[in-house]
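Contents: one structure, followed by commentary.
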There are 2 protein chains.
Amino acid sequence: MAQTDTINDTDIDFGMLEESVGYRLRRAQMNFFAKFSELCSDLGISPGLFSVLVIVEKNPGLTQTAVAQALGNDRSAMVAAVDKLENMKLIERRPAKNDRRSYALFMTKYGQEFFEMSSRKVRDYENTMMARLHSDHEKDQLVDMLKRLS
Amino acid sequence: MAQTDTINDTDIDFGMLEESVGYRLRRAQMNFFAKFSELCSDLGISPGLFSVLVIVEKNPGLTQTAVAQALGNDRSAMVAAVDKLENMKLIERRPAKNDRRSYALFMTKYGQEFFEMSSRKVRDYENTMMARLHSDHEKDQLVDMLKRLS
DNA sequence: AATAACTGTTGTGGTGTACAACAATGGAAT
DNA sequence: ATTCCATTGTTGTACACCACAACAGTTATT
């Protein structure tokens, strides 16, 4: 420690940030997301790819752009995502019945197994994080509030 | 609408994402952050730069790395940030008293005015977002839970 | 005096993301 | 049928963000 007149890391005044929902949201999300990324990395995918898997699994036959819209990102981002998931033999593009422009996305059998295994791990991770809350009721409250803020 | 067998955007099943705190956290944060970015953009800064301003204003004389640690990002990212804020005449680097390696960061007079004006707008924005919650008590609860998740 | 630790800085790479453009195709209007 | 516009997947580009490694200058430790 060189400077006698510099402030220690622990007693920094965060000012309005301390009670700012925006800042708190960002910090919580980054913390949550960092560990979730590690978990996904172990699975060989990314958080974004996992969310694509969830949508495709629950809604077989969806178009790439439909998935993109559901997840709130550009359809151009979907190309690389679907490419990767298809290379991993998790999902597949089938030509759409009535539209030769688009593909319908489906889960492969292996993709289904992979997804079920992954979801278990993701659910477990969520549960360990939720241990920081006091009750299931609190979690429901949190989710409800977050929905209203979206 | 071409495909009769493709699902409409509105009735997509989000599966486990619907009640996933991680996903809800991400969506809420992205929504919150997008509008906050616009607000900051009007002010001529970025959300990250604003957070630097808050820390420097409340803790005059801090080192660049101290600010970086407080905000949870790498100190290398602080260089461009401080450069920009210094170019905008908002803060200034002064040589640290007892350490010729580091700078001590201080607010300029203009920076102080700018900060107070900005904080008001940020606070107003937060308040409009908080209108989506039912009560101040709920907001406190939310902040409290988010802290526990960080 | 020597070695390690720390500071600001630069460069680099990876990631995510938004936007514009394009050819192919579909739908609607006339 | 033909024309015009919208949409799909795709590519390219650009930008922001962030982590990590390396470096010279400086400080702390031994």
*On the 0 to 90° scale, with breaks at 30° and 60°, tag the B/Phe115-B/Phe50 ring pair as parallel, tilted or perpendicular.*
parallel
*Within this structure, what is the CZ-to-C1' distance between B/Phe33 and D/dC17, rounded to whole angstrom?*
10 Å
*How long is the gap from CE on A/Met145 to CD on B/Glu138, to the nearest 0.5 Å?*
5.0 Å
*asked:* Is there a side-chain contact between A/Thr63 and the phosphate of D/dT8, meaning an N or O under 4.0 Å from OP1 or OP2?
replied: no
*With the side chain of B/Arg100 defined as its heavy atoms from C-beta on, choose the nearest nucleotide among D/dT27, C/dG26, C/dG8.*
D/dT27
*Apply side chain to side chain contact (heavy atoms under 4.5 Å, CB included) to B/Arg24 and B/Glu18, showing your working.*
CA-CA 7 Å; B/Arg24 282 288 144 214; B/Glu18 190 66 24; 3.9 Å; yes
*Rounded to whole angstrom units, what separation is found between the CZ atom of A/Arg101 and the P atom of D/dT7?*
9 Å
*How many angstroms lie between atom CG of A/Asp99 and atom NZ of A/Lys97, to the nearest 0.5 angstrom?*
13.5 Å
*Should the heavy atoms of other residues, nucleotides or ligands under 6.0 Å from NZ of B/Lys147 be counted, would the total exceed 12?*
yes
*Please give, in whole Å, the distance from D/dA16 C1' to B/Phe36 CZ?*
16 Å
*How close or far is atom C1' of C/dA23 from atom CG of A/Asp99, stated in whole angstroms?*
14 Å
_How would you summarise protein contacts on nucleotides 9-21 of chain C per nucleotide, using B for base, S for sugar-phosphate only and - for none, with heavy-atom distances below 4.0 Å?_
BB-----SS-B-B
